[in-house]
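Numbering of ligands and ligand atoms starts at 1, following listing order.
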Amino acid sequence: MQLTNFDIDVFLRDYWQQKPLLIKNPWDSWNAPLEPDDLAGLACEEGVESRLVTQTGVCDGWKLEHGPFPETRFSQLGARQWTLLVQAVDHYVPEVAALIEPFRFIPNWRIDDIMVSYATDGGGVGPHFDQYDVFLIQGLGQRRWQVGQLCDENSALQPHEDLRLLANFDATDEWICESGDILYVPPGIAHNGVAIGEHSMTYSVGFRAPSRSELIGYWADDLLAELKDDDRYGDPKLKTQENPGEISQDAIDRLHQMMIEKMGDRAAFARWFGQYNSTRKYPDVDWREEQPIGIEKLREYLTDGMPLHRSPASRFSFIRQEANSVLLFVDGEEFSCTDENITLAEIVCGHDNIIIDENLLRSDSAMALIAKLYGQGSVYFDQED
Ligand code: SIN
Ligand code: CO
């Protein structure tokens, strides 16, 4: 499915990270990839992150439960005012993963996952704001979306332990989204979606953006591992000072230098960031095939035209280096690529379906790289294609 009625350049110039936009069914032909029962099934599975939000109707009461749920849970809920939300459905359903493709004008490293929600009449998760950009695609049925004020950490919240619901919601715009419509909401903008009618399903193509605190915190954690205890402040040629209580400008300069020497290493930061950011959303889920693959077998499969794909849970990006090389990052692993492996890195980062040409097929280093990616469960052969 393609977005045929959507101007990417205008969107990036006037809306992305700035203001909400309703995009009325822009698809060439829209087909919702999931049925409500498929979503309920996923929410019963161990290892899949899911939530159930129910409105009790008493004093604006909201209740949050975490999955996995027993199958019987959904039949106890009644016909109104509940929402089931399942995270990273793209990891499990290729047709849902395909919904990311039209949004690839945003780089891979900013993409988080596709969350899918199913809501019954009057159901929603309440007025809130998110830290991230999101495209809310209405899959099935209808949902009334309101957007409101720009929020931040100081915005007042309702006194609820688990749900971060806004105490005040000033709606500035309102739309009824129908099957195929897309609402873009930038970070921090208050929004509230309420299902209209029996079955309302929404696909949230969600993005991520690192906070300064996670960059500093996690990078510093990584640096700590390589820092030695005897790498220490020194003050040879110490000068006398008037007041022993003063920490001199000179001392501060030297101390600060110790910090920025490490933190200012751009190349080291790039390597660290590539690995950190390409770590899978759920690193504990094992996507490896039972058997690793050897280069000869791999070459044979590829020569036979067996389709090779990126695993939907995997994260791929690369960083160009100054010399003729690129660093490829896949699922938290770094691969230093030169010569034909540069082309390979560009191919695997640019396309879900990996097309290997004659030149790469002949290259042992390209085959070895693919074999490593296969061995860590980052690419797989689709035997059924
Ligand atoms: C929903 O799908 O109900 C919630 C999505 C969101 O508000 O981010
Ligand atoms: Co939201």
Considering only protein heavy atoms, which is closest to [atom], and at what distance to one decimal place?
{"atom": "atom 8 (O) of ligand 1", "value": "D130 OD2, 3.3 Å"}
{"atom": "atom 2 (O) of ligand 1", "value": "S117 OG, 2.7 Å"}
{"atom": "atom 3 (O) of ligand 1", "value": "R143 NH1, 2.7 Å"}

Point-to-point distance, once rounded to the nearest 0.5 Å, from OH of Y118 to CZ of F74:
10.5 Å
How wide is the angle at the Co ion (ligand 2) spanned by H191 NE2 and H128 NE2, rounded to 10 degrees?
90°
Hey, can you tell me if H91 and W287 have their rings parallel, tilted or perpendicular (30° and 60° cut-offs)?
perpendicular
Please tell me whether F11 and F135 form a close aromatic pair, meaning their ring centres lie under 6.0 Å apart.
yes
Quick check on W145 - does any of its heavy atoms sit under 4.0 Å from an atom of ligand 1?
yes
Would you indicate whether E35, at its atom CD, is surrounded by more than 12 heavy atoms from other residues, nucleotides or ligands within a distance under 6.0 Å?
no
Look at atom CZ of R73 and say whether more than 12 heavy atoms of other residues, nucleotides or ligands are closer to it than 6.0 Å.
yes
Write the atom name of the N, O or S atom in D130 that is nearest the Co ion (ligand 2).
OD2
Contact atoms of ligand 1, heavy-atom distance to H128 under 4.0 Å
6 (C), 7 (O), 8 (O)
With heavy-atom distances below 4.0 Å as the criterion, list the atoms of ligand 1 near H191.
6 (C), 7 (O), 8 (O)
Is it the case that the side chains of Y282 and Q87 hold a donor-acceptor pair, with the cut-off being a distance below 3.5 Å and no angle test?
no
Going through the checks in order, is the side-chain hydrogen bond (donor to acceptor under 3.5 Å, both in side chains) test met by S179 and Q138?
CA-CA 5 Å; S179 190; Q138 188 62 26; over 6 Å; no
Counting heavy atoms only, which part of L136 comes closer than 4.0 Å to ligand 1: side chain, backbone, both or neither?
side chain
